[in-house]
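Notes to accompany the following structure.
We number each residue from 1, following the sequence as shown.
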Amino acid sequence: MDNFSGFPSLKFLLTNEYVARHLSFTNAAKYLCVTQAAVSHQIKALEDYLGSKLFLREKRRIFLSEEGQQLLPSVAVSYTHLRAHETLR
């Protein structure tokens, strides 16, 4: 089996995908059934891990940064593949 210890948490990547889809930490938190603070901490941890800001924060709005725009397609496709194999369990 491959060693994935060098990869970021799947939970953090999926949280990133939800935030990017909704462009809202609060709406993503509702969708994920966690607090807004939990979403914020997960995004911060992922940003720290990657060494890049994924979102630009402006007053009460967020936007995807250039790095966030580059990451999103890969995460979205991976999530789609995982959902497609959900019937295997």
Side-chain angles (χ1 to χ4, degrees):
M1 178 176 266
D2 292 330
N3 181 359
F4 293 106
S5 63
F7 288 90
S9 164
L10 180 59
K11 178 169 61 170
F12 294 173
L13 289 169
L14 293 177
T15 298
N16 175 74
E17 198 267 338
Y18 289 126
V19 173
R21 184 185 320 162
H22 297 283
L23 289 178
S24 167
F25 284 30
T26 302
N27 290 341
K30 288 177 186 176
Y31 186 85
L32 295 166
C33 299
V34 298
T35 65
Q36 186 274 339
V39 169
S40 182
H41 287 289
Q42 290 176 19
I43 294 299
K44 173 78 169 97
L46 182 59
E47 289 176 330
D48 288 347
Y49 177 86
L50 297 173
S52 298
K53 291 288 183 192
L54 300 173
F55 297 92
L56 304 173
R57 293 146 176 95
E58 193 175 285
K59 296 183 184 174
R60 295 183 56 92
R61 297 177 61 190
I62 62 169
F63 305 92
L64 279 170
S65 68
E66 186 175 325
E67 293 84 356
Q69 290 175 19
Q70 291 174 357
L71 179 64
L72 181 59
S74 297
V75 173
V77 167
S78 298
Y79 177 70
T80 300
H81 288 286
L82 289 170
R83 292 291 303 214
H85 293 10
E86 190 173 33
T87 58
L88 294 177
R89 56 183 177 114

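Between Y18 and Q42 the shortest side-chain heavy-atom distance does not fall below 4.5 Å.
In terms of heavy atoms, E47 sits closest to F55 at OE2-N, 3.4 Å. Contact between F25 and I43 at its shortest, heavy atoms only, is CZ-CG2, 4.1 Å.
How far CD1 of I62 is from NE2 of H22: 10.5 Å, rounded to the nearest 0.5 Å. Within the model, atoms CG of L71 and CG of L13 stand 6.5 Å from one another, a figure rounded to the nearest 0.5 Å. Atom-to-atom distance recorded for Q69:CD and L64:CG is 5.5 Å, nearest 0.5 angstrom. To the nearest 0.5 Å, atoms CZ (R57) and OG (S40) are separated by 6.5 Å. Taking CG of N27 as the start and CZ of R21 as the end, the distance is 12.0 Å to the nearest 0.5 Å.
L10 and V34 fall within a single hydrophobic cluster, where Ile, Leu, Val, Met, Phe, Trp and Tyr are joined by side-chain heavy atoms under 4.5 Å apart, directly or via other members.
S65 places a side-chain N or O within donor-acceptor distance of the main-chain N or O of K53, the cut-off being under 3.5 Å.
For the side chain to side chain contact (heavy atoms under 4.5 Å, CB included) criterion with L46, the lone passing option out of N16, T15, V19 is N16.
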